[in-house]
Amino acid sequence: MGIEKGILKRAQLLLGDSKMASIDTARVIIFGVGGVGSWCAESLVRTGIRHLTIVDSDRICITNINRQLMATTQTVGQVKVEALKERLLLLNPTAEIDARQQIFTEETAESFHLDEYDYIIDAIDSLKDKLLLIDMACRSKAQFFSSMGAALKLDPTKVEVAEFWKVRGCPLARALRQRFKKLKRRPARKFLCVFSEELLQNEGHDATCGTEKCLCPKAMTGPGDKALLNHEWCSSKAQINGSLVHITAIFGFTLAGLVIEDIVKKCSDKS
């Protein structure tokens, strides 16, 4: 298509027609489109991915604006995947973006039909759901990449890629490995993770902004109040940590890079 040819011209100059054709047909699903996943989606669409499913249950909170692509003062309160879809279609109107306002859980997992995808990207915060996705994705035919914790970090030069069992200094990776060991099993295959060994402490106070624009669970509920924790946008995180866009975006861009690099490598191996 004419418009798409122009949009992707610089990528085509670097990669060539055959690799761009492989990128064009690849099917990708991203679980979690916050500070990491939203930038991953942006990068993939800008590089030629047309078949993209984005999954997230949350709505945009004012506290998301510091790091999430589609979060602005105009989009607060909107469903994240819908706001992101609108953004991605501005980049490439011919892209096929499936926006699913859902949570990946034991109850919903089978509905995602993971074997229908070529690439599965994990940018989930919840430890339990992340463990489940890792387990199921590694048993699917799709290539799988995962983001470890991107909060409490400042130095962009410390962002790395390593195989899951070789990730160092990341509490989230450590907790996941402990869960697998407790279950006396391992993921069915090895997979790469984006991580950073850096681990700072929160120097500020109050997890929420305290304004009427805040949709964070702890701003909306009092002690023992579970009523609002069932809202569709509520992630009910056990702990909220500080994070910065130059780190979360690098995590997301790196995940996208792993996808594109893998497609290019597979295309080169065939020739």
Side-chain angles (χ1 to χ4, degrees), residues 11 14-15 23 26 28-47 49 66-69 118-127 129-138 140 142-181 186-203 237 239-266 268-269:
L14 175 63
L15 301 177
I23 292 171
V28 182
I29 186 168
I30 303 175
F31 289 95
V33 293
V36 173
S38 61
W39 297 100
C40 178
E42 167 104 348
S43 182
L44 289 173
V45 171
R46 285 185 182 271
T47 311
I49 293 294
N66 86 311
R67 69 197 182 283
Q68 298 185 14
L69 174 70
D118 300 298
Y119 293 92
I120 301 168
I121 304 296
D122 160 40
I124 292 177
D125 292 324
S126 163
L127 183 64
D129 298 337
K130 196 176 192 77
L131 185 87
L132 178 64
L133 179 58
I134 289 172
D135 189 44
M136 292 187 66
C138 287
S140 76
Q143 185 67 265
F144 174 61
F145 300 114
S146 180
S147 171
M148 295 295 107
L152 298 176
K153 303 179 194 310
L154 180 63
D155 187 346
T157 68
K158 293 183 178 179
V159 179
E160 300 181 62
V161 176
E163 201 281 320
F164 175 60
W165 293 97
K166 295 183 179 179
V167 171
R168 309 175 306 278
C170 176
L172 177 56
R174 186 183 308 116
L176 287 165
R177 290 193 294 254
Q178 288 173 347
R179 290 284 185 99
F180 274 114
K181 289 176 182 177
R186 288 191 169 213
R189 66 174 188 264
K190 293 181 178 181
F191 62 96
L192 294 177
C193 301
V194 182
F195 76 102
S196 169
E197 285 189 84
E198 184 180 27
L199 189 63
L200 305 177
Q201 297 296 318
N202 288 314
E203 294 191 16
K237 296 178 183 178
Q239 182 175 351
I240 298 175
N241 290 312
S243 51
L244 300 171
V245 69
H246 69 275
I247 298 295
T248 65
I250 290 173
F251 269 61
F253 287 144
T254 303
L255 287 168
L258 291 173
V259 172
I260 300 302
E261 189 176 19
D262 189 73
I263 294 172
V264 168
K265 182 180 183 300
K266 287 176 178 175
S268 297
D269 289 345

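Residues: numbered from 1 along the sequence shown.
- Interatomic distance, F253 CZ to T47 OG1, rounded to the nearest 0.5 Å: 9.5 Å.
- By the salt bridge (Lys or Arg N to Asp or Glu O under 4.0 Å) test, D262 is found to be paired with K266, residues two or more places apart in sequence or in another chain being considered.
- None of F191, F145, F144 except one satisfies the ring-ring contact (aromatic ring centres under 6.0 Å, His included) rule with F164; the exception is F191.
- Taken to the nearest 0.5 Å, the CD1 atom of I121 stands 10.5 Å off from the CD1 atom of I29.
- Qualifying side-chain hydrogen bond (donor to acceptor under 3.5 Å, both in side chains) partners for K158, counting only residues two or more places apart in sequence or in other chains: none.
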message: Is there a side-chain contact (heavy atoms from CB on, under 4.5 Å) between L154 and I247? Walk through the geometry before answering.
response: CA-CA 7 Å; L154 180 63; I247 298 295; 5.7 Å; no
Audit row: L44, I260, side-chain contact (heavy atoms from CB on, under 4.5 Å) steps and yes/no: CA-CA 8 Å; L44 289 173; I260 300 302; 4.2 Å; yes
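- Within the 3.5 Å criterion, the main-chain N or O of W165 finds no donor-acceptor partner in the side chain of K190.
- Not one N or O on the side chain of R168 forms a donor-acceptor pair closer than 3.5 Å with the backbone of A162.
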- request: For the pair L258 and Q143, evaluate side-chain contact (heavy atoms from CB on, under 4.5 Å) and give the outcome as yes or no after the intermediate values.
  value: CA-CA 10 Å; L258 291 173; Q143 185 67 265; over 6 Å; no
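- Note that the SG atom of C193 and the CD1 atom of I134 stand 6.5 Å from one another [nearest 0.5 Å].
- We find the CZ-CZ distance between R67 and F251 to be 13.5 Å, quoted to the nearest 0.5 Å.
- Here the straight-line distance linking atom CG of L192 with atom CG of L255 works out to 10.0 Å at 0.5 Å rounding.
- Taking CG from L152 and OG from S243, the interatomic distance works out to 8.0 Å, rounded to the nearest 0.5 Å.
- Side chain of N202 to main chain of G242: a donor-acceptor pair is present (N/O by atom type, distance under 3.5 Å, no hydrogens or angles).
- A donor-acceptor pair is defined here as one N or O able to donate and one able to accept, closer than 3.5 Å; such a pair exists between the side chain of T254 and the backbone of I250.
- Remark: E198 pairs with no residue by the salt bridge (Lys or Arg N to Asp or Glu O under 4.0 Å) rule, at least two apart or across chains.
- What you find for V167 and A173 is that their closest heavy atoms are CG1-CB, 3.7 Å.
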field: Test side-chain contact (heavy atoms from CB on, under 4.5 Å) applied to D118 and V28, step by step
entry: CA-CA 6 Å; D118 300 298; V28 182; over 6 Å; no
